Amino acid sequence: MDLRRQYDGLRADVLAAIARVCDSQSFILGPEVEALEREIAALTGAACAVGCASGTEALWLALVAAGVKPGDSVITTPFSFFASASAIVRAGATPVFVDVDPGTLNLDATLVGRRLRDRQATPTKPGNVRAILPVHLYGQCADMDRFDRIVHEDAQEFGVAIVEDAAQAIGAEWRGRGAGSLGITAAFSFYPTKNLSAYGDAGIVTTSCPGMAEHMRQLRNHGSPRRYYHYEFGWNGRMDAIQAAVLRVKLGHIADWNQSRQQHAATYDRLFAESGLTSRQASDQTSDHTSTQGSAPVRLLSRSPQAKHVFHQYVIRVQRRDELRQFLADRKIGSEIYYPLPLHLQPAFSYLGLKAGDLPVAEQAAREVLALPMFPELTEAEIQWVVESIAEFYS
Ligand SMILES: Cc1ncc(COP(=O)(O)O)c(C=O)c1O
């Protein structure tokens, strides 16, 4: 990923925005953050947005505002960045990992529904499951139709909230509705490699509920609605004005950038198909979904027809993944593994008592996924070089 290409095009605007903040001498929250909050709320279709220090902080705020309390459980995916689950722990709750859909690698709604219904199989009482936290992995929304149905029909008596981890999904949609407006609260990250990125750490929470937004404003500022009066234990989770100013410059480009990512994904798809390397893995072809050793050396993930995918990552599943990665690195082609060890097998979560083999779809994915170069300024010739190199590796 080459962030410099983006910076070269934006340098004058970004430096002017930073100068504006320096001239104002207002460095934390303030008018820049408030303007960004309005603009992100408008982009996502949520009623309110609350700027904060990082995506991790945003997840904690989103969970606490949604009513997650010590002793509760939150169902989430084992195939995500650590923060998706560590934020649950920081809210005092216990993550309940449920396996992912073999096609999209997003949290499997059918398994979640089953887990909620099956009181015996749930390690904590279903009544304690306060929220479901789907992650819109790689920029594609999880199956929000089915999560909605679970929450509003199947599990209505339990009062379960949907909290979106939209860290990778700014601008993504599900049936035309923006990520960030699909659950009761949603967390976004503006980490420097994200589709919309700050020049440091920053994040934001969106919500459909103004009361929750007020609560989160208090929580991000030491539980203090007014200076030196503290009503609860919050934290310093505030956003810097400089980050908000940079983000506001970039926000004007996010639609074009996401469109470029979609074009690059289409180019990869086409070139892989022409090379004969791929077969697409469909969600509904689940007869043998824990084994990915099909005949094609490269397999694409499924795309949900209801989703507008913003390709934070373009990820393939491959045989001999680590050898291929080294082969690409030797040609100076960057690639990354999101994620090499599922969360239920992380040492930090050993207290949950889960073991290898418990969540086989996520574990198999961890052995096979490879993220290829994906950023708006990537050229078609570069994509061609990546696919040609992969073809050469398997020839
Ligand atoms: C899915 C997911 N959740 C949460 C986070 C945490 O965001 P941050 O790094 O801004 O704290 C990230 C990004 O790093 C992420 O990819």
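Whatever order the structure lists them in is the order used to number ligands and atoms, beginning at 1. Fair warning: this is a prediction, and the values are worked out from it, not measured in the lab.
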Check: Is Phe190 in polar range of ligand 1, meaning some N or O pair under 3.5 Å apart?
Finding: no
Can you pull out the closest protein heavy atom to [atom]? Residue, atom name and distance to 0.1 Å, please.
atom                    : answer
atom 5 (C) of ligand 1  : Phe81 CD2, 3.7 Å
atom 15 (C) of ligand 1 : Ala167 CB, 3.5 Å
atom 13 (C) of ligand 1 : Lys194 NZ, 2.8 Å
atom 3 (N) of ligand 1  : Asp165 OD2, 2.8 Å

What part of [X], side chain, backbone, both or neither, has a heavy atom within less than 4.0 angstrom of ligand 1?
X      : result
Leu137 : neither
Gln168 : side chain
Thr56  : both

Cut-off 3.5 Å, side chains only: do [X] and [Y] have a donor facing an acceptor?
X      : Y      : answer
Asp330 : Gln326 : yes
Asp143 : Asn106 : no
Gln313 : Gln168 : no

Notebook entry, point to check: What orientation do Phe81 and Tyr339 show, parallel under 30°, tilted 30 to 60°, or perpendicular over 60°?
Noted result: tilted
Note to self: Please verify the inter-ring angle class for Tyr351 with Phe349; under 30° counts as parallel, over 60° as perpendicular, anything in between as tilted.
What the structure shows: tilted
Checklist line | Thr207 side chain to Thr185 backbone, donor-acceptor under 3.5 Å | finding: no
Next item on the list: May I ask you to decide if Thr193's main-chain N or O and Ser197's side chain share a donor-acceptor pair within less than 3.5 Å?
Entry: no
Mind listing the side-chain donor-acceptor pairs of residues 44-55 below 3.5 Å, one per line with the distance, residues two or more places apart or on another chain?
unit_1: Thr44; atom_1: OG1; unit_2: Ile40; atom_2: O; d: 3.0
unit_1: Thr44; atom_1: OG1; unit_2: Ala41; atom_2: O; d: 3.2
unit_1: Thr44; atom_1: OG1; unit_2: Ala46; atom_2: N; d: 3.2
unit_1: Ser54; atom_1: OG; unit_2: Thr56; atom_2: N; d: 3.3
unit_1: Ser54; atom_1: OG; unit_2: Glu57; atom_2: N; d: 3.0

Pull out every atom of ligand 1 sitting under 4.0 Å from any heavy atom of [X], numbered as shown with elements.
X      : answer
Val135 : 1 (C)
Ser80  : 1 (C)
Leu59  : 4 (C)

